[in-house]
Every structure is written in C-alpha cells, then in structure tokens.
Amino acid sequence: MNYRHNTNIVITELEDELVLLDPSSKQMFSLNAVGRLLWDQLPSLGLTGVLERIEATFEVGADRARTDAMALIENLVRANLLVETGSPEPDEVAGDRESGQA
Amino acid sequence: MNQPGLNSGREQSTELMVFGRRFTINGRLEPALENVLRSRWDFNDQRLGIDSFWIRLYLANVCPAAFPSETVSVTLSLPSGPLEIRALESEFWLGTTDVGLHLRLLEGGAELFAWGGEEALCRNQDLFHLGLTESLRSSGLMPMHASIAARDGSAMAFLGPSGRGKTTTLLLALEAGYQVVCEDLAWCDPVTLEVMGFDRGLRLLPDTMERFSALLGNDQPVWQGDKWFVAYTGVLFKFGAPSRVVVLDSIIALERDPDGVSRFESLSQREAALVLWEASGVPLSNRLQRQTSTQITTLISRLKAQRLLVGTGTIPFTRHED
C-alpha cells in the first residue's frame with residue numbers, strides 16, 4: 001500500500017519528535033523519533049524502503065521493525081493522519097505473507 | 001472598501017487601539033455595541049509586537065451579499081450555542097444571513113463586515129471575538145488561555161484545561177509575592193516573548209473568593225451569575241498593582257496530585273507542545289494554523305517548561321525560580 005499525508009494536518013516540529021494536530025477533530029498525536037522517521041519518509045520511500053531505513057537507523061530486527069511500523073501505520077490511518085493511496089508494493093505483499101499478516 | 005447593504009444611516013468612524021493595532025469601526029455604532037467592543041477590545045495604552053497592522057470593521061443592518069457556495073462549512077460549539085463557519089483560505093463567513101460576520105485576512109490588515117443590527121450583534125459577541133482573534137493572530141500574536149503571574153517583569157504562565165486549578169494557583173502565586181497579569185486569557189508576541197493580559201479582572205467562584213478575600217483589597221466584587229468579578233483597576237493587591245505587559249519566562253502545566261506534596265517537575269517538549277496547542281486553540285485559517293505551529297516551536301525552544309503537581313503543602317514558587 002502507498003500512503004500520503006493528510007494535507008490538513010498541522011505539524012509541530014520538536015527536536016526529535018513531531019506533534020500532529022487534526023484541526024477538524026482537535027485531536028493531537030505525538031510521534032517519537034522512530035515514528036517521525038516513518039512519517040517523514042513513508043510517502044516517498046514506501047513501506048519497504050522505510051522499514052529498511054528504520055532497521056538501519058535504530059538497529060532493530062526486521063520483524064520488530066515491520067510489526068511496530070504496521071501498528072503505527074494502522075493507527076495513523078485510523079486517525080486520518082495518513083491516507084492510503086494505492087496498491088501494495090510487490091515486496092510488501094510478500095513480506096506480509098511471511099509475517100503472517102492478512 | 002464599500003459593500004452593498006452597509007448601513008446607510010449617519011456615517012461615523014470610531015477608532016480603538018488593540019495592542020498597538022489600529023481598529024477602526026465604520027458605520028452606525030450604537031452605544032450598546034460600542035460599549036461591548038470598547039469593554040473587550042480597547043487596549044489603547046499597551047503595545048505588543050508590530051503596530052502597523054490595521055483592523056477595519058464595517059457595520060451593516062443586513063448581510064451585504066450571499067454566502068459563496070464553494071466554501072467548506074463547519075459548526076463550532078460555543079457556550080452561546082452552535083455557530084456555523086464557512087471558510088475559504090483567507091476569508092470566513094461566521095453565523096447566518098440574519099446575523100453574522102465576514103472576515104477577510106489581507107496583507108498587513110484585516111477587514112470585518114458585521115450585520116444583523118445592534119441588538120443581535122450584542123447578543124452574538126462571539127462573532128467579534130472569533131473575528132478579532134483571527135485578525136490578531138494574523139498580525140503575529142498568539143492567544144494563550146492561561147493564568148499568568150509576574151515578578152520583576154518576568155512571567156510564568158499556568159496552563160491546563162478548565163478545572164485544573166489555574167485561578168487558584170495564580171492566587172497562591174499572588175500570596176507568594178507575584179503580581180497578576182491575567183486570570184484567563186493573554187496575548188503573546190512569540191518574537192519578543194511579551195505577554196499582555198486580555199481579561200479585565202478576576203472571575204472567582206464563591207469559595208475561592210472567600211478563601212482569598214484578604215488578598216483582593218477593598219473593592220466591591222460584582223456577581224456575574226456564576227462567579228464573582230473583581231476588576232483589576234482599583235483593586236489593592238497585597239504586593240502591588242497588576243502587571244500588564246511582561247516578558248514570559250516559563251510555561252507551567254498544571255496537574256493535580258492530591259496525595260503528594262506540591263512540587264515542580266520537568267516537562268517534555270512533546271507535553272509542552274500539547275499544552276500550548278490547548279492554550280492557543282486552533283485558528284480558522286490553514287495559514288494561521290501553520291503560523292501557530294511555528295510559534296509553538298519557537299516558544300518551546302525559548303521558554304522554561306515545567307509541570308506543577310498541585311498537592312499538599314505550600315507550592316515552592318521560590319525554589320522553582322532557583
């Protein structure tokens with residue numbers, strides 16, 4: 001799946017973190033350094049690319065990176081901060097099958 | 001600028017200064033509405049930040065033009081009731097064709113067109129509050145729902161949702177030797193860090209009034225239906241008159257800890273951002289939302305940010321300063 005930011009979201013940049021505000025609901029969300037990397041680079045790199053970047057930057061295993069990233073993406077989409085824009089990348093489908101996700 | 005439907009009666013122009021911004025009211029300004037606007041928005045003696053920004057209000061009896069159909073519409077829930085807002089990027093229509101306000105944010109200024117007649121506009125003061133708040137934001141200022149106390153020209157803002165103890169903490173700070181800047185709302189210039197209180201007095205619940213009566217001097221408070229109003233002017237504060245323009249030094253997020261001792265703790269940047277967004281509120285305009293985000297980032301980088309857990313014992317204001 002490809003993703004883009006909801007363009008209505010207001011972003012407050014801190015040193016390592018981001019605070020995301022949805023003006024329509026007045027709800028606020030904060031992202032730590034890992035979440036910030038995912039937020040910044042998911043739209044351009046895609047899921048496979050951003051997982052590789054997370055693994056390299058934070059020295060976490062592939063399974064842990066995928067599990068945590070997918071959980072965060074699901075929350076961001078549910079909160080209408082991220083918008084799904086297209087079909088899954090081929091690598092992503094294979095990765096989902098390997099990790100047992102639907 | 002003229003629009004069809006503007007009041008055709010005796011033309012007059014009234015001028016107020018709002019934190020150094022020239023606020024001109026054009027059209028027939030009846031005494032009751034003038035009193036409403038002056039009592040809330042006349043800050044002739046104080047300046048914050050740039051002062052070349054202008055605000056022009058045009059009064060009309062009827063809506064000057066039909067609402068544009070391509071606007072996005074949202075409904076705000078206000079204490080006075082629901083208010084419909086239609087928005088384009090820098091233009092807003094608040095209310096209805098019967099009573100409402102059209103706001104245009106322009107380069108260097110803001111124009112507001114209000115209609116509905118004096119009586120209806122006096123009943124719908126939220127229109128002016130929203131329109132002028134957005135205008136002042138556009139001039140570079142940021143509103144801050146907070147109680148603020150100052151000493152020696154340096155101020156600390158107590159932040160938190162309603163009921164968190166902002167007023168009580170402010171009064172405790174006054175007992176400790178601080179002066180009041182505001183009890184509910186201030187305007188801040190994030191460039192200079194100057195803040196100025198917007199409210200004109202303390203609004204106190206009866207039990208708070210009783211608890212702190214010795215602090216508030218001898219003026220007669222006024223009962224306003226739900227709280228006592230104690231005007232800043234004429235009040236003999238124990239440690240000196242209220243400060244109006246001061247430099248903000250710290251933001252303090254209030255939390256309750258009834259089982260613990262009152263104490264200050266550190267506040268993360270993320271927590272500071274959340275409380276500052278709550279204190280500022282969300283502007284109507286996308287551009288001003290982004291501006292507020294930048295202002296909050298600036299404030300966090302320049303202010304001390306702490307959490308005050310209000311529990312038992314005396315709040316250690318002095319130790320906080322050290």
Considering all heavy atoms, the nearest P190(B)-R302(B) contact: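 Closest approach of P190(B) to R302(B), heavy atoms only: O-NH1, 3.2 Å.
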A273(B) versus I296(B), closest heavy-atom pair with distance: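 For A273(B) versus I296(B), the nearest heavy atoms are CA-CG2, 4.1 Å.
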L31(A) versus chain B, the contacting section by heavy-atom distance below 4.5 Å: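 No part of L31(A) comes within 4.5 Å of chain B.
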Interface moiety of L14(A) toward chain B, non-hydrogen atoms closer than 4.5 Å: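 Contact with chain B: backbone and side chain both.
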Mutual orientation of the aromatic rings belonging to H102(B) and W93(B) [parallel < 30°, tilted 30-60°, perpendicular > 60°]: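 Parallel.
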Parallel, tilted or perpendicular, as decided by the 30° and 60° cut-offs, for the rings of W41(B) and H129(B):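 Correct class here is tilted.
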Evaluation steps, salt bridge (Lys or Arg N to Asp or Glu O under 4.0 Å), between D249(B) and K304(B): CA-CA 6 Å; D249(B) 175 68; K304(B) 286 183 277 188; 3.2 Å; yes
Verdict with supporting geometry, E183(B) and R203(B), salt bridge (Lys or Arg N to Asp or Glu O under 4.0 Å): CA-CA 8 Å; E183(B) 184 252 328; R203(B) 294 189 75 245; over 6 Å; no
Within residues 137-146 of chain B, residues adjacent to chain A where the heavy-atom gap is under 4.5 Å: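 At a heavy-atom separation under 4.5 Å, chain A is reached by no residue of residues 137-146 of chain B.
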Give the table of side-chain donor-acceptor pairs shorter than 3.5 Å for residues 66-78 of chain B, with sequence neighbours excluded, one pair per line with atom names and distance.
residue : atom : partner : partner atom : Å
T71(B)  : OG1  : P68(B)  : O            : 3.1
S73(B)  : OG   : E84(B)  : OE2          : 2.7

Part of I300(B) lying under 4.5 Å from any heavy atom of chain A: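 Only the side chain of I300(B) comes within 4.5 Å of chain A.
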